[in-house]
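To keep things clear, I will list the structure first and then write my remarks on it.
Heavy-atom basis, side chains included; hydrogens, waters and symmetry copies ignored. Note that the structure is predicted; figures quoted are calculated from it, not measured. In the text below, chain A, chain B and the rest are named by the order of the sequence lines, each starting its count at 1.
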Amino acid sequence: MKLFNTNTRSIEEITPLHDNTIGFYACGPTVYATPQIGNWVAYIRWDALARTLRQSFDLNWYINITDVGHLVSDADDGEDKLEKGARREGLTAWEVAETYTKEFVDGLDALNISIDRSHLVKATDNIDEQIQLITALEQKGYTYIIKDGVYFDSTKFADYGKMARLDIAGLQAGARVDVGEKKHSTDFALWKFTPKGQRRDMEWDSPWGTGFPGWHIECSAMAMKYLGETLDIHAGGIDHIPVHHTNEIAQSEAATGKPFAKTWVHSNFMLVDGQKISKSLQNGFTLADLAKKGFDALDLRMLVLQSHFQTESNFTWEVLAAARTRRKELQAAADQRYQLHTSATYENIDFADVGRQIQAVLDNNLNTPQALALVSSLVNDIEKHGVSQTQAAEFSELLQLLDDLLGFNVLTSEDITGEQQSIIQEREAARNAKDWATSDKLRDTLQTEGIGLNDTARGTVWYRL
RNA sequence: GGCACCUUGGCGGAGUGGUUACGCAGAGGUCUGCAAAACCUUUUACACCGGUUCAAUUCCGGUAGGUGCCUCCA
């Protein structure tokens, strides 16, 4: 497949570094609060990427759980988000991490995100690896120690900020960066010391003193531990480009002397009502907020996949409702696998070809909107022509492919019950007898059971409301 | 202030140097016991101004407006 590589700003063919395996690392959540829709966007997109990659390669996908060390400011001062969250909620940092890690995993389940749950790796389970990486950097002379921690000297890494195209001089001229004791504004903490006389919920011994790892080091340490020194693909939000990914590249490549990742992909932001998601606007809706309004998490999945990952997208409740309708139409088409017709009157759809087309557009820089356009055209054709019994196998194969690639779980819906089948037949009999009262009453009965009916030329077709 | 991006029909959102994207929503009609579906029609989509070209929404330049990052964030 082809993918836009932020590092080169061009679309490139993905070819595995080793055998046929793609090592894929996506930056994960800091588990200190309930994830909101903006957070989910990236994981939904990376899931689509993963599903597409699996069609061609063996995929080895990891996401980190940042359960320590993410400071409230990239300036390396300020508090650890976990410790702050803990104080806010009267819990320990460990309890906060556990609570929100569970929420994250529950969300992955609801959104049908296909990462192996054992590949969700925690920063706190990999402290030794982080210390080892810092040690390697220290031995190569990239670090220095000041009062509050061990820092990476960004000026010793020649290509610092290359991917982000940072204008270091411009950054340093800006008055907004408070350098503090750091030697340069772009230097960053590798290890932070627990302040004298304090105790943190989360702290570890290290060669430099008791403390905790910086935010950036965990990603490098875990990515390289699980996937090797050079990753095939590293993903994250576009906001990570200038600081987090810039620092990951610097510390990883300084330590190994090898490229950290071959391909970098970045997910653009989703706005809400055209504005950025922020606490003050209270527009950071959670999956629970969606559920309260009667939406399924998969409706959000549809909304997100309707736009391309590199473009800025927009969330409104109206758009979410449109996405829900679109998803239900897809489900209704899939449910016709239980209602195959025997008539030769209707045109056969070339399901295999549709599948190939969908794969092709996804292989072309993960064009999910075009894939969904093809799906919708297919849905229209199915509504029009139905699916013939002679095509049962091809149709099932295509539905399986759609579930594999897009993850809407269309194959999980069950056939209607025998009782419901009988009601449909009774209604047919009533209609033939022109007993409209009975006919309508039976239709209402099914409606209360969540089944809608269409009386098509092929006969009555049911769908789930 | 520095850097980058965007501007497509009521909303969302692809794509293309000359052909209906697609979805949702609205209006009228055909059909139907009704409903739904289907079908037909409909509201002359590509910010504006120039340029290149036989031809630009699609390439180039400018103008206007918007957004993002630089500061927690996907």
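Side chain A:Asn268 to base B:rC69: no donor-acceptor pair is found below 3.5 Å. Donor-acceptor pairing under 3.5 Å, judged by distance alone, is absent between the side chain of A:Arg45 and the base of B:rA74. Residue A:Arg324 places no side-chain atom within donor-acceptor reach of the base of B:rC24, judged by atom type and a 3.5 Å distance cut-off alone. Below the 3.5 angstrom threshold, one finds a donor paired with an acceptor across the side chain of A:Ser439 and the base of B:rG33.
Sorted by first and then second residue, the ring pair (Phe, Tyr, Trp, His ring centres under 6.0 Å) pairs involving residues 281-301 of chain A (not counting sequence neighbours) are A:Phe285-A:Phe315, A:Phe285-A:Trp317, A:Phe295-A:Trp317.
Contact check of residues 348-368 of chain A against RNA chain B (heavy atom, cut-off under 4.0 Å) returns A:Asn367.
Under the 4.5 Å side-chain criterion, counting only non-hydrogen atoms from C-beta, A:Tyr226 is in contact with A:Val121.
Proximity of A:Thr311 to the phosphate of B:rA14: a side-chain N or O atom is located under 4.0 Å from OP1 or OP2. Between A:Lys384 and the phosphate of B:rC39, there is a side-chain N or O to OP1/OP2 separation shorter than 4.0 Å. The side chain of A:Asn39 places an N or O atom within less than 4.0 Å of a non-bridging phosphate oxygen (OP1 or OP2) of B:rA74.
Heavy atoms of A:His308 sit under 4.0 angstrom from primed sugar atoms or phosphate atoms, though from no base atom.
A gap of 16 Å separates the C1' atoms of B:rC24 and B:rU43, to the nearest Å. As rounded to the nearest Å, B:rC5 and B:rG18 have C1' atoms that lie 29 Å from one another. When the C1' atom is used for both B:rU8 and B:rA14, the distance is 10 Å, rounded to whole Å.
One interatomic measurement links the two molecules: CD1 of A:Ile277 to C1' of B:rA74, which rounds to 8 Å at whole-angstrom precision. A:Leu305 has its CG atom 14 Å from the C1' atom of B:rA14, to the nearest Å. Atom C1' of nucleotide B:rC6 and atom CE of A:Met270 are separated by 18 Å, given to the nearest angstrom. For A:Leu330 and B:rC22, the CG to C1' distance is 14 Å, given to the nearest whole Å. The nearest whole Å value for the distance from the CG atom in A:Leu320 to the P atom in B:rG13 is 13 Å.
Between A:Lys102 and A:Asp106 there is a salt bridge, since a side-chain N of the basic residue sits under 4.0 Å from a carboxylate O of the acidic one. Ion pairing between A:Asp444 and A:Lys441 fails under the 4.0 Å rule for side-chain N and carboxylate O.
With distances taken from any side-chain atom of A:Ser376 to the nucleotides B:rA35, B:rA74, B:rG23, the minimum falls on B:rG23.
In RNA chain B, consecutive stretches of 3 or more Watson-Crick or G-U wobble pairs with both distances under 3.5 Å are given as paired ranges: B:1-7 with B:64-70, B:10-12 with B:22-24, B:26-30 with B:38-42, B:47-51 with B:59-63.
A:Phe4 does not carry A:Arg9 over the face of its six-membered ring by the limits of under 6.0 Å from the centre and within 45° of the normal.
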